[in-house]
Structures are given as C-alpha cells and as structure tokens.
Amino acid sequence: MFSKTGFKVLGLAAATATSLGIGGCDKAGLDVDIDGSSTVFPITEAVAEEFREDHGGTRVTVGVSGTGGGFKRFAAGEIDISDASRPIKQKEIDACAENNVEFIEIPVAYDGLSIVVNPANTWADDLTVEDLQKIFLEGSTVETWADVREGWPETPIKLFIPGTDSGTFDYFKEVVAGKEGSIRSDVTASEDDNVLVNGIAGDEGAIGFFGCAYYFENTDKLRAVTINGVGPTAETIENGTYAPFSRPLFIYVSKASAEEEHVQAFVEFYLDNGPALAQEVGYVQLPAPIQSAIRARWEARTTGTLFLDENGEKVHGPLTDIYN
C-alpha cells in the first residue's frame with residue numbers, strides 16, 4: 001500500500017523519470033504516458049504504484065511539468081493523460097481541437113490551496129485575501145511583515161510560489177489578483193513543491209502556497225495560516241468553508257488513448273482506487289454521488305469540460321451543482 005512516508009521518500013525529483021511496470025494485458029511494450037500538475041502527482045503516483053502490484057506488461061510514466069506544461073503536451077498528442085490542478089482553459093481546448101485531441105474530464109479529489117509560513121512566525125495566524133494582495137501583487141511595496149500590519153515585526157518577507165506553468169499558480173492568481181492583476185516577480189518559483197517546502201522551512205520570514213497534501217506531509221516544518229478564520233482541513237475543504245481556496249483536482253484522458261485496452265484499464269483502476277488513495281496522500285475524497293456522476297461520464301466517453309459555458313466563461317460553484 002502506498003503511504004505518505006513512501007511519497008515523502010520518493011520526492012518529485014524522481015517523478016520525471018518514474019517508470020512503473022503496470023498494465024492490464026499480456027502484450028509487452030505498452031505505455032501510459034502522464035504529465036502535468038505536481039499537486040495531482042501524489043495521487044496519480046499512488047494509483048500507479050498500487051496498479052503495478054496486480055498488473056504486468058505496461059509501463060506508466062508520470063511527469064511533473066506543471067498543469068500548463070502537461071496541457072501543452074496533451075494538446076500536441078504526446079501523452080495519454082494530463083494531471084491538472086485547475087480546469088482546462090479555452091486556449092488549451094482550442095489547441096486540442098487544432099490537433100483533433102478529444103478529452104474526457106475526470107475530477108479526482110478536492111484540494112485546499114494552503115497558505116503556509118515558517119513555524120517561527122508567531123504573529124501571522126490569520127490572513128485575509130486583502131492581506132495576500134498586499135503581499136503578493138505586482139507593484140506591492142511590502143518588504144517586511146511590519147508593512148502588512150501595524151505591530152508585526154520588521155522581518156523581511158520572502159515569497160516562495162509555484163512556477164507559472166502550475167495550475168496552483170493560476171488558481172491563486174485568479175483568486176488574489178483577478179483577471180487584470182499579476183503576481184510580483186521578486187519571488188522564488190519552482191514547479192517542484194518540495195523546493196517550496198524547504199525554502200519556507202528555512203526562512204523565518206517566508207510565506208508561500210501549494211496543495212494541502214504538501215502541507216499535511218510537512219506539518220513539522222510548516223504552519224498553515226487561516227484565511228478569514230478558517231484553515232485547511234478535510235472537513236473545511238469538502239464543505240467549501242475554506243474559501244476561496246477549496247478546489248477540485250483533475251485528470252484529463254485522451255479519448256483516442258481511452259480506446260486502448262491498457263489505458264482504459266489504468267483509468268478504471270484510477271476511478272476504483274483513486275478516492276481512497278487521494279485521501280491517503282493528504283487530499284479529500286469526492287462525495288459518492290459525484291464519483292458516480294463522473295464514472296457515468298467516463299463510461300459514456302463524454303468529452304469536453306463542464307467548467308466552461310458555451311461562451312467560454314468559467315463555471316463556478318460546488319461540484320454538487322456542476323454534476324447534478
């Protein structure tokens with residue numbers, strides 16, 4: 001059984017070259033190629049490792065080029081599955097259409113994008129979105145914690161954030177900066193969330209953000225701040241009270257790849273085992289009715305996204321409304 005400890009030892013540095021002998025048929029040399037979100041990686045890696053125990057003959061590779069990087073490869077027809085920590089964008093749908101790539105959208109878990117600081121930071125217990133705007137937006141004059149709120153120390157702030165190809169970066173930017181704003185450039189950015197964890201753990205004035213699994217795995221090194229009095233927990237993430245940073249995570253499956261027996265076997269294994277494994281590595285299971293609706297769309301091979309309307313505008317709201 002895949003454990004949090006096993007994930008911690010493996011780390012993302014090994015992810016780009018992970019090749020697991022798995023599959024569901026007797027033929028040799030069959031591949032399932034996956035790339036994309038570092039946030040979704042722990043779930044997909046756990047599924048692949050479990051799948052390997054019962055299957056042979058197929059190799060699964062799991063990369064971590066970020067949500068945007070994964071979609072670029074997916075739209076080009078280079079991979080079978082794209083891990084994503086946000087819904088697909090219209091420009092990515094257009095890129096898929098240009099290359100005749102149809103996709104099946106599968107939410108796999110809930111995540112709570114966690115805002116974390118160094119444990120030595122004893123002053124910033126709770127932040128608002130307005131505080132985050134002061135700290136993270138382009139044009140900010142904030143250099144120390146005293147610049148955020150009166151009475152806080154003049155400890156220099158250092159920012160650690162996911163790279164711009166990351167869906168987590170996109171989600172945070174949308175919530176904090178909006179359509180017109182941008183994130184300041186004097187930051188340490190990495191697609192490897194473990195780099196961010198270690199950076200924040202090593203600097204008293206640091207602050208950063210990433211998926212909740214990386215926070216839950218490193219509570220001995222990091223402290224999560226509450227947002228408007230609510231912190232990231234399984235309960236607050238699922239019921240949406242950890243607002244505005246609760247979000248679904250996804251895999252996107254090429255419809256053409258889904259016609260291949262070994263890819264189909266892997267996705268069905270993912271649907272069967274992914275919910276429990278997502279919880280095991282630190283995320284939150286989707287409710288059973290949502291899982292049933294997602295499975296029905298997979299079995300019907302229904303393509304397209306439910307997170308953009310016919311005008312290309314984003315659809316917001318809980319999954320219980322979107323998958324009704």
**Message:** I need the minimum non-hydrogen distance between P107 and I294, along with the two atoms involved.
**Reply:** O-CD1, 3.5 Å
**Request:** First locate atom CD of Q279, then atom CG of L286, and finally report the distance between them rounded to the nearest 0.5 Å.
**Result:** 11.0 Å
**Message:** Once salt bridge (charged side-chain N to carboxylate O under 4.0 Å, His left out) is applied, what residue pairs with a partner in residues 91-115 remain, sequence neighbours excluded?
**Reply:** R86-E92, D111-R247
**Asked** Do V60 and L271 sit in the same hydrophobic cluster, where Ile, Leu, Val, Met, Phe, Trp and Tyr count as joined when their side-chain heavy atoms come under 4.5 Å apart?
**Response** yes
**Message:** Could you tell me if D192 and S190 have a donor-acceptor pair between their side chains, going purely by distance under 3.5 Å?
**Reply:** no
**Request:** Write down the atom of E204, the atom of A120, and the distance for their closest heavy-atom approach.
**Result:** CG-CB, 3.8 Å
**Request:** Would you name the heavy atoms of G205 and W145 that are closest together and state the gap between them?
**Result:** O-NE1, 3.1 Å
**Message:** Looking at every heavy atom in both F74 and D80, which two are closest together, and how far apart are they?
**Reply:** CE1-O, 3.5 Å
**Message:** Quick check: closest heavy atoms across K89 and D170, and the distance to 0.1 Å?
**Reply:** NZ-OD2, 3.3 Å
**Which atom of A206 lies closest to which atom of G199, heavy atoms considered** = CB-O, 4.3 Å
**Prompt:** Between Y323 and Q291, is a side-chain contact (heavy atoms from CB on, under 4.5 Å) present by the stated rule, with each step listed?
**Reply:** CA-CA 10 Å; Y323 282 85; Q291 293 181 39; over 6 Å; no
**Asked** Hey, what do you get for NZ (K173) to NZ (K179), rounding to the nearest 0.5 Å?
**Response** 10.5 Å
**Asked** Does the side-chain contact (heavy atoms from CB on, under 4.5 Å) test come out yes or no for F307 and L319, once each step is laid out?
**Response** CA-CA 10 Å; F307 292 83; L319 292 184; 3.5 Å; yes
**Message:** Nearest 0.5 angstrom please: S38 OG to N194 CG, how far?
**Reply:** 9.0 Å
**Prompt:** Any side-chain heavy atom of N218 sitting closer than 4.5 Å to one from V116?
**Reply:** no
**Item:** Residue from I43, V47, T44 passing side chain to side chain contact (heavy atoms under 4.5 Å, CB included) with V281
**Value:** I43
**Message:** Tell me whether Q133 contacts the main-chain N or O of V176 through its side chain, where contact means a donor paired with an acceptor under 3.5 Å.
**Reply:** yes
**Prompt:** Taking the inter-plane angle between the rings of Y252 and F250 on a 0 to 90° scale, is it parallel (under 30°), tilted (30 to 60°) or perpendicular (over 60°)?
**Reply:** tilted
**Message:** To the nearest 0.5 Å, what is the distance between OH on Y270 and CD1 on I81?
**Reply:** 8.0 Å
**Message:** Check this for me: does any side-chain nitrogen of one of D165 and K72 sit under 4.0 Å from a carboxylate oxygen of the other?
**Reply:** yes
**Which residues share a salt bridge (Lys or Arg N to Asp or Glu O under 4.0 Å) with R149, sequence neighbours left out** = D131
**Complete:** When V108, V284, T67, I106 are each screened for side chain to side chain contact (heavy atoms under 4.5 Å, CB included) with L249, the one that passes is V108
**Message:** I want to check something: taking the side chain as every heavy atom from C-beta on, are Q90 and L308 in contact at a cut-off of under 4.5 Å?
**Reply:** yes
**Message:** For E235, I'd like to know if atom CD has over 12 heavy atoms of other residues, nucleotides or ligands within 6.0 Å.
**Reply:** no
**Prompt:** Are more than 12 heavy atoms from other residues, nucleotides or ligands located less than 6.0 Å from atom CD of E154?
**Reply:** no
**Prompt:** Less than 6.0 Å separating the ring centroids of F245 and F209?
**Reply:** no
**Item:** Connected via hydrophobic side-chain network under 4.5 Å: F216 and V195
**Value:** no
**Approximate separation, where rounding is to 0.5 Å, of S114 OG and I237 CD1** = 6.0 Å
**Message:** Just by distance, no angles: are the side chains of N228 and T128 close enough, under 3.5 Å, to form a donor-acceptor pair?
**Reply:** no
**Ring-ring centroid check F210 F160, cutoff 6.0 Å** = no
**Item:** More than 12 heavy atoms from other groups under 6.0 Å of CD on E143
**Value:** no
**Item:** Spatial distance of atom CD (E50) from atom CG (D272) [nearest 0.5 Å]
**Value:** 12.5 Å
**Request:** Take T141 and D147 through the side-chain contact (heavy atoms from CB on, under 4.5 Å) test and state the conclusion after the steps.
**Result:** CA-CA 8 Å; T141 59; D147 298 327; over 6 Å; no
**Prompt:** V117, V129: one ILVMFWY side-chain cluster at the under-4.5 Å cut-off?
**Reply:** no
**Asked** After noting the C-alpha distance and the side-chain angles of R301 and I104, does the key distance pass the side-chain contact (heavy atoms from CB on, under 4.5 Å) rule?
**Response** CA-CA 7 Å; R301 300 298 189 267; I104 302 161; 3.7 Å; yes
